[in-house]
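Just below is one structure, and these are the notes that go with it.
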Amino acid sequence: MPNSLDREAFEAWATSEDYSLQRRDTGEYRFVSTANAWLGWQAGAAAEREACAKLCDDIDTHCERYDIDRAFNSSVRRAAKAIRDRSAP
């Protein structure tokens with residue numbers, strides 16, 4: 001489920017690209033081109049968040065391998081979870 005910041009960012013971009021932001025009573029975008037752009041935006045944002053979370057996972061693995069500060073390691077795990085939670089439905 002996208003958060004309101006995702007929607008705000010998308011709509012700012014869509015407006016700059018002259019997409020119509022008209023919506024149906026259901027909340028869906030009226031025009032297929034806008035609806036498809038929104039789906040693409042969501043997929044791109046989710047992929048980027050996962051890439052960021054994966055970087056945190058890689059740091060976590062590196063920290064465990066070399067026995068680096070456990071508090072830092074725990075923070076990296078929490079960061080990865082928080083990033084992924086933004087994409088959770």
Side-chain angles (χ1 to χ4, degrees):
M1 177 66 98
N3 64 42
S4 61
L5 293 176
D6 288 338
R7 178 78 73 166
E8 288 174 25
F10 168 75
E11 290 188 349
W13 171 82
T15 298
S16 75
E17 297 295 318
D18 294 325
Y19 281 87
S20 171
L21 299 181
Q22 292 179 20
R23 293 203 211 174
R24 300 180 186 283
D25 291 340
T26 61
E28 296 174 355
Y29 290 107
R30 181 173 297 281
F31 294 95
V32 173
S33 57
T34 308
N36 287 340
W38 173 230
L39 289 173
W41 182 279
Q42 291 174 87
E48 189 61 27
R49 281 193 288 273
E50 182 54 32
C52 291
K54 174 86 172 72
L55 288 172
C56 292
D57 290 342
D58 292 346
I59 292 168
D60 180 45
T61 299
H62 179 79
C63 289
E64 285 180 355
R65 184 175 301 140
Y66 296 102
D67 199 25
I68 295 174
D69 182 16
R70 295 195 188 288
F72 175 77
N73 203 19
S74 175
S75 295
V76 170
R77 270 190 229 113
R78 284 194 311 273
K81 182 180 180 331
I83 292 166
R84 286 190 174 104
D85 286 351
R86 286 202 53 198
S87 293

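Worth knowing before you read on, the calculation uses all heavy atoms, side chains too, and leaves out hydrogens, waters and symmetry mates.
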Query raised in the report: Do you know which two heavy atoms are closest between Y19 and S33, and how far apart they sit?
Result: CE2-O, 3.5 Å
Query raised in the report: Hey, what's the ring geometry for F10 with W38, parallel, tilted or perpendicular (30° and 60° as the breaks)?
Result: tilted
Query raised in the report: Is there a donor-acceptor contact under 3.5 Å from the side chain of T34 to the main chain of L21?
Result: no
Query raised in the report: How long is the span from the CZ atom in R23 to the CZ atom in R30, to the nearest 0.5 Å?
Result: 12.0 Å
**Report entry** For W41 against D6, the heavy-atom pair lying closest together
**Finding:** NE1-O, 3.5 Å
Query raised in the report: For the side chain to side chain donor-acceptor pair (under 3.5 Å) test, which of Q22, R24, E11 pairs with Y29?
Result: E11
